[in-house]
Number of protein chains: 2
Amino acid sequence: MNKKTEATSKTLADLVYQKIRTDIISGELKASEKLRLSNLCKKYDIGMSPLREALARLTGDALVVTEGQRGFWVAPLSIEELDDITNVRALLESEALQQSIQNSDEEWKDELSMAFKELTRIEGELKGRSYDLVPEWEEANKVFHEVLVSRCQSQWMKKMIKILIQQSERYRRISLTLAESKGNRNVHDEHEAIFHAAIQGNILKACRLIEVHLNLTTDNVRQVLEESI
Amino acid sequence: MNKKTEATSKTLADLVYQKIRTDIISGELKASEKLRLSNLCKKYDIGMSPLREALARLTGDALVVTEGQRGFWVAPLSIEELDDITNVRALLESEALQQSIQNSDEEWKDELSMAFKELTRIEGELKGRSYDLVPEWEEANKVFHEVLVSRCQSQWMKKMIKILIQQSERYRRISLTLAESKGNRNVHDEHEAIFHAAIQGNILKACRLIEVHLNLTTDNVRQVLEESI
DNA sequence: ACACCAAAAAATATCGTAATTAATGGCCGA
DNA sequence: TCGGCCATTAATTACGATATTTTTTGGTGT
C-alpha cells in the first residue's frame, strides 16, 4: 500500500495506537465516548485490522474499555479513580525515587541538575504566566520526573509508573481544559525542594516531598473535576 | 461459523487470549519461543484477526513480546526479572494487605478463615505429598491469597497485583516442570502464620510474613532456574 | 576451494475489504 | 404497556492482497 515506507520500522497498528493514545490523554477523544470502529477508520485513515489491534493494546493501558460484542469506549474518569491512581503512583514513585537515590552517582546528579536547570529556565521565560499546556514546560517537567527515578533498577516498577503517569496526565490535561488552574501553589518551589533533597541524598525527605507534590497536583485536578460534575 | 454460541457473550479473540495465556503460564508455550501466526491459527483453530488481537493484549500483559514487522515471541524468562517481579509484588501486596486488614470486618475474617480451612483440608488429604501442581491446592492457595487482599479498596493496586501474580505463576509453574521442588520448607506453616497475624489485625507482622513468604517461594524457583541454565 | 556479497525466492507479517454474526431500535399486535 | 418480530446498525471474523523479512541461490574475487 505504501510504495517505499522508508525509515518506518513501525506498523500502522503502532502508529494509530500512539495517535489514539495521544488523543485520549489530551481529551480530544472524550471520556466515556463510544468509539465507533467505522468512524475511527475514517478519522485515522486506516483499516479495521490495525485499528482493532491498537484498541486491544489501549485496553491493556486502561485508556479504553471494551465489552463483549458491543464495542469500545474511552475509559471513564472519576474522582475515586483519580485518588486511587495518585495513591498507587505515590507509593511506587517514592519507592523508585528511593532506589534511584541509593544508586545515584555523579552522572545522575549532573543529569538531574541539568533537567532542573532547564525547567527553571523555561519557567523564567514564562515570567509568571501559568506553566500548564506550554509544550516546552510540559516536556521539561516530564524529563525532570523521569530523571529523578531513572536510576531505579526495577524495570517492572518503571513500567507501572509509566502507565500511572499516563493516567494522571489524562486527568491533569482534561482538568486544564475545564478551568484555569488555581495559582495558589508554587510548583517551582516544590520541584526545587525535591531537587535539593535528591541531590543531597536525603531519601526520606525527597520521598515525602514527591508524595506531597503528587497529592497537591491531584488536589488541583480534583477541585476542577468536582466543580465540573 | 458457530450456529448458536449460546451462553457465550465472549468473542473468539477473548477465548484464544485466555487459551494462549494459560499455555504460556503453564509452559506449554515455551519461553522465548517464536509464535508463528499461521501455526497458531491451526493450533487454536482460529483466524488471523482474533489471533492478532489476542497477541496484542498479551503483549500488554508482558507475556508476549513483539517487534515491528517481525512478529511475536513468548516473553523470555530471567532470574533478574524474577527478582524484580518478586520485589515489586512484595511491595504492592504487603501494602494491599495492610489496607485490607485496616478495612477488615467480620465477614472478611469469616471468608479468610474458610479459605484457610479449605487449604488446610486439602493439604491434609495430600498427607505429605508435594502440593505443587495439584489443581485443588493451586486453586485453594490462589483463593487464600486473593481473600487476603480482597478488602483493599484500590482497584489499581489489585489490577497490578494480578499482573504480577500472573508473572510469578509462570516462573513457579515452569520451575516445577524442571525439577521437583525442594521440600525443606513448610508452606502450610507460612500460611498459618500469615492467617493468624491477619485475623488478629497485626498489620506489621502480617506484611512482614507475606514478604518473607513471597521471597521464599522465589528462592525455590530461582534455585531451580539457576541449575537449569 | 572458500568467503563474501547480490539478487531471487520463499516464508511470514501486516493490512484492507468483504462476508458473517450479534446487538439495537422501532413497529406492530396483544 | 408489554413482548415479540423484523430492519438496521455495528462488531467481529475470514480471506485475499501487499509489503517486509529471511533464506537460499548463484556469482565473483581472493
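The sequence lines fix the lettering, A, B, ..., with proteins before strands; numbering per chain opens at 1. As the structure is a computational prediction, the values presented were derived from the model and not from experiment.
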Subject >> Residue pair B:Glu53 / B:Tyr17, side-chain donor-acceptor N/O under 3.5 Å >> reply: no

Subject >> Protein-nucleotide distance (B:Leu12, atom CG; C:dA22, atom C1'), rounded to Å >> reply: 12 Å

**OP:** Take the protein atom CH2 of A:Trp73 and the nucleotide atom P of D:dA10, then report the distance between them rounded to whole Å.
**Re:** 13 Å

**OP:** Salt-bridge test for A:Asp14 and A:Arg57: reply yes if a basic N is under 4.0 Å from a carboxylate O, no otherwise.
**Re:** yes

Original post:
In whole Å, what is the span from the OH atom of A:Tyr44 to the P atom of C:dG16?
Top reply: 15 Å

Original post:
How about A:His191 and A:Phe116: are their ring centroids closer than 6.0 Å?
Top reply: no

**OP:** To the nearest Å, give me how far apart OH (A:Tyr17) and P (C:dC15) are.
**Re:** 15 Å

Original post:
Salt-bridged, A:Glu111 to A:Arg151, with N to O below 4.0 Å?
Top reply: yes

**OP:** Can you sort out the partners of B:Arg172 under salt bridge (Lys or Arg N to Asp or Glu O under 4.0 Å), two or more places apart, ordered by chain and number?
**Re:** B:Asp132, B:Glu138, B:Glu169

**OP:** Would you jot down, in residue-number order, the residues of residues 49-65 of chain B having a non-hydrogen atom under 4.0 Å from DNA chain C?
**Re:** B:Arg52

Subject >> Closest listed nucleotide, where the reference is the side chain of B:Gln69 and the choices are D:dT20, C:dA22, D:dT13 >> reply: D:dT20

Considering only nitrogen or oxygen atoms on both sides, find all protein atoms under 3.5 Å from nucleotides 9-11 of chain C and state each distance.
none

Original post:
Between atom CG in B:Leu40 and atom P in C:dT12, what is the gap in whole Å?
Top reply: 12 Å

Original post:
Among the nucleotides C:dA13, C:dG16, C:dT17, which one has an atom lying closest to any side-chain atom of A:Ile46?
Top reply: C:dG16

Original post:
On DNA chain C, nearest-nucleotide positions of A:Asp45 versus A:Arg70: which is more 5'?
Top reply: A:Asp45

Subject >> Nearest-angstrom distance from the residue atom CG of B:Leu37 to P of D:dT20 >> reply: 17 Å

Original post:
At under 4.0 Å, does any side-chain N or O of A:Lys34 touch on OP1 or OP2 of D:dA11?
Top reply: yes

Original post:
Taking only residues two or more places apart in sequence or in another chain, which ones pass salt bridge (Lys or Arg N to Asp or Glu O under 4.0 Å) with B:Glu211?
Top reply: none

**OP:** Rounded to the nearest angstrom, tell me the gap between atom CG in B:Leu35 and atom P in C:dT12.
**Re:** 13 Å

**OP:** For A:Gln166, enumerate each residue passing the side-chain hydrogen bond (donor to acceptor under 3.5 Å, both in side chains) test, keeping only those at least two apart in sequence or located in another chain.
**Re:** A:Arg21

Original post:
Do the side-chain N and O atoms of B:Gln167 and A:Trp156 include a donor-acceptor pair separated by under 3.5 angstrom?
Top reply: no

Subject >> A:Ala13 side-chain proximity, nearest of C:dA13, D:dT12, C:dC15 >> reply: C:dC15

Original post:
Between A:Phe72 and B:Met48, which is nearer to the 5' end of DNA chain D once each is assigned its nearest nucleotide?
Top reply: A:Phe72

**OP:** Please report, rounded to the nearest Å, how far the C1' atom of C:dT12 is from the NZ atom of B:Lys42.
**Re:** 13 Å

Check residues 37-44 of chain B and write down every donor-acceptor pair under 3.5 Å in which the side-chain atom is one partner and the other belongs to a residue at least two apart or another chain.
from    : atom 1 : to      : atom 2 : distance (Å)
B:Lys43 : NZ     : B:Glu28 : OE2    : 3.1
B:Tyr44 : OH     : B:Asp23 : OD2    : 2.7

